[in-house]
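Structure first, commentary second.
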Amino acid sequence: MDTERAAELRRFYHDRLMQDIMPFWMASDLIDRRCGGFLTSVDREGRLYDEDKSVWFQGRCLWTFSRLCNTYGPREEWLEAAKSGAAFLRSHCIDPADGRMFFTVTRDGRPLRKRRYFFSESFLTAGFTEYYGVTGDPADLRLAADYFDRMLRMYRDPSADPFKITPKENTAVRRLHGNAEPMVLVSTAQALRRVDTARTAYYDGAIRSLIDDMLTLHDKPELGCMLENVLPDGSIFDGPAGRTINPGHSIENSWFLMNYANTVGDQELLRRALGILRGSLERGWDMAYGGIVYFTDVYGRPCVQLEHDMKLWWVHNEALIATLLAWVLTGDETWGKWYDRLHEYTFGHFPDAVCGEWYGYLHRDGTVSHTQKGSLWKGPYHLPRCLMLCEQILTAAENSAAIPPLL
């Protein structure tokens, strides 16, 4: 990529972030000034339609506002939002009985629901790791590191006290190994590795072990895909759950691995990560309508997910990061062509030119399915992260400099 093109794209991403996405959220009902924390269920115009709170998004929004401060310098409105999210997480999102986190809570923080997995914990970890860069308070780093350690223990032994996780299925009959768990652990470990320098060797060891699980069990280069769920020995379970490819997850995983490979100078890991990206794009790209589908089956058999052929905003956010990173790291124009194709589709279909921000869910043909801008699943995370990280990659390309760690 030449420096002129990099500069043009950098300005474009920065403008979208600062003139469209963040102004929409700052003018919306996102920041709960009555009870603290964040309300992400907003309609097309940013007005609240559901007062329940996603615990995922308390951590995700904490990450976003903290990263904004750490990247562009603190603004009072960003600092206030991050402080409010951090306080709400500490006060209302952790179950005092066992230290596990809730999945949803009421507006005033009363617990509604828990889930069997540890993704709420993962977003607390990511959020407080980034928030530590804002506050410099060791308590924030300790909280993030403690929850990473808890997640790692849960991953290695789901039945370990005091954080027992009841499996969804009878594991005596069928046990599947999921790829989402090592994926979030690899990303949070990289973020902590960057700031918790006293434990660099510990995080490197965890990252290497987790990557080995992903590459040994889930990555199937001979099939050109990464599977979401496999049997414990890595073999394919011939059922819908075992045949599922989630291109968005695999693409996100690829740039997590590329980021670590770039950080530590591991060319073999970079090669494997690029292979995952290539296969995921080829498997996921919709040749008829463009864009990346949500799910597909490794053998081309029917998908059980009714939303399998929809186009989701976050999948395309992750694909923009991954293809741009691959292009700048390798200089290979193959990745440049993929990036251009994705950039054209994404910015041609998801943005709402009237009310701002992006639609999150499109039908296969690219028409809008849902008009809301936020929900328990969608809010200011994947999109602002994409714009910030793409700007970071492009800044390096513009200056012919090394790409710094993205996580």
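Remember, predicted model here, so these are calculated numbers, not experimental data. One-based numbering along the sequence shown.
Taking each heavy atom of Asp332 and Trp327 in turn, the nearest pair found is O-CD1, 3.4 Å. When every heavy atom of Leu394 is checked against every heavy atom of Tyr13, the shortest pair comes out as CD1-CD1, 3.6 Å. Residues Gly284 and Pro247 approach most closely at CA-CG, 3.8 Å, considering heavy atoms. When all heavy atoms of Val105 and His92 are compared, the pair lying nearest together is CG1-O, 3.9 Å. Nearest heavy atom pair, residue Trp358 against residue Thr346, reads CH2-CG2, 3.2 Å. Looking at every heavy atom in both residues, Leu270 comes nearest to Ala261 through N-CB, 3.6 Å.
Salt-bridge formation is detected for the pair Arg208/Asp266: a Lys NZ or Arg NE/NH1/NH2 atom is positioned less than 4.0 Å from an Asp or Glu carboxylate oxygen. Between Arg10 and Glu398 a salt bridge is recorded (basic side-chain N to carboxylate O distance below 4.0 Å). Using a cutoff of 4.0 Å between basic side-chain nitrogens and carboxylate oxygens, Glu121 and Arg115 are not scored as salt-bridged. A salt bridge is absent between Asp108 and Arg34: the closest approach of a Lys/Arg side-chain nitrogen to an acidic carboxylate oxygen does not fall below 4.0 angstrom. Under a 4.0 Å N-O distance rule, the pair Lys373/Asp43 does not qualify as a salt bridge. The existence of a salt bridge linking Asp196 and Arg199 is confirmed by a sub-4.0 Å separation between a basic side-chain nitrogen and an acidic carboxylate oxygen. In this structure, Glu222 does not pair ionically with Lys220, as no charged nitrogen and carboxylate oxygen lie closer than 4.0 Å. In this structure, Lys83 does not pair ionically with Glu80, as no charged nitrogen and carboxylate oxygen lie closer than 4.0 Å. Taking a cutoff of 4.0 Å between a charged side-chain nitrogen and a carboxylate oxygen, Arg16 and Glu357 do not qualify as a salt bridge.
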Criterion side chain to side chain contact (heavy atoms under 4.5 Å, CB included) on Glu282 and Leu277, from CA distance to verdict
CA-CA 9 Å; Glu282 291 173 352; Leu277 177 58; over 6 Å; no

Verdict with reasoning, Trp56 to Phe123, per ring pair (Phe, Tyr, Trp, His ring centres under 6.0 Å):
CA-CA 6 Å; Trp56 285 21; Phe123 294 119; 5.4 Å; yes

Full working for salt bridge (charged side-chain N to carboxylate O under 4.0 Å, His left out) between Arg243 and Asp297:
CA-CA 5 Å; Arg243 296 193 303 264; Asp297 184 281; 2.8 Å; yes

Mind running side-chain hydrogen bond (donor to acceptor under 3.5 Å, both in side chains) on Tyr72 and Glu391 for me, showing each step along the way?
CA-CA 12 Å; Tyr72 305 105; Glu391 183 182 350; 2.6 Å; yes

May I have the step-by-step check of side-chain hydrogen bond (donor to acceptor under 3.5 Å, both in side chains) for Asp213 and Tyr155, ending in yes or no?
CA-CA 11 Å; Asp213 284 352; Tyr155 171 71; 2.6 Å; yes

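For Arg301 and Tyr299, the positive end is not near the middle of the six-membered ring at less than 6.0 Å and at most 45° from its axis. Remark: Arg341 is positioned above the aromatic ring of Trp338, its terminal NZ or CZ atom under 6.0 angstrom from the ring centre and at most 45 degrees off the axis. No cation-pi contact links Lys311 to Tyr361, judged by a cut-off of 6.0 Å to the six-membered ring centre and 45° from its axis. Remark: Lys53 is positioned above the aromatic ring of Phe88, its terminal NZ or CZ atom under 6.0 angstrom from the ring centre and at most 45 degrees off the axis.
Under 3.5 Å, the side chains of Thr104 and Asp52 contain no donor-acceptor pair of N or O atoms. Of the N and O atoms on the side chains of Asp204 and Tyr260, at least one donor lies less than 3.5 Å from an acceptor on the other residue. Judged by distance alone, the side chains of His316 and His349 never bring a donor and an acceptor atom under 3.5 Å apart. No donor-acceptor contact under 3.5 angstrom links the side chains of Arg193 and Tyr202, judged on distance only. Tyr345 and Asp286 share no donor-acceptor pair across their side chains, judged by distance under 3.5 Å alone.
The CG atom of Leu320 sits 8.5 Å away from the CG atom of Leu387 when rounded to the nearest 0.5 Å. Annotation: the span from His177 atom NE2 to Ser235 atom OG amounts to 12.5 Å, rounded to 0.5 Å. Here Glu169 contributes atom CD and Leu176 contributes atom CG; the two are 6.5 Å apart, rounded to the nearest 0.5 Å. Distance check: Gln372 CD to Thr40 OG1 gives 10.0 Å after rounding to the nearest 0.5 Å. Atoms CG and CD, on Leu185 and Gln190 in that order, are 11.5 Å from each other to the nearest 0.5 Å. The structure places CG of Leu192 at 6.5 Å from CG of Leu141, a figure rounded to the nearest 0.5 Å.
Looking only at side-chain heavy atoms (C-beta outward), Gln58 and Phe102 stay at 4.5 Å or farther from each other. Ile276 is listed as a side-chain neighbour of Leu257, based on a closest heavy-atom distance under 4.5 Å. Side-chain atoms of Trp335 and Leu281, non-hydrogen and from C-beta on, do get closer than 4.5 Å to each other. In this structure the side chain of Pro221 reaches within 4.5 angstrom of the side chain of Asp219, judged on heavy atoms.
Counted within 6.0 Å of CD on Glu344, heavy atoms from surrounding residues, nucleotides or ligands total 12 or fewer; the atom is thus considered open.
In this structure, Tyr381 and Phe57 have perpendicular ring planes: the angle between them is above 60°, well past the 30° mark. Relative orientation of the Phe38 and Phe65 rings is parallel, given thresholds of 30° and 60° on the angle between their planes. The aromatic rings of Tyr294 and Trp314 lie perpendicular to each other, with more than 60° between the two planes, well past the 30° mark. Using cut-offs of 30° and 60° on the angle between ring planes, the pair Phe103 and Trp377 is tilted. Relative orientation of the Phe148 and Tyr203 rings is perpendicular, given thresholds of 30° and 60° on the angle between their planes.
A salt bridge (charged side-chain N to carboxylate O under 4.0 Å, His left out) with Asp95 holds for exactly one of Arg113, Lys114, Arg100, Arg110; it is Lys114.
Between the Arg175 side chain and the Pro232 main chain, no donor and acceptor come within less than 3.5 Å of each other.
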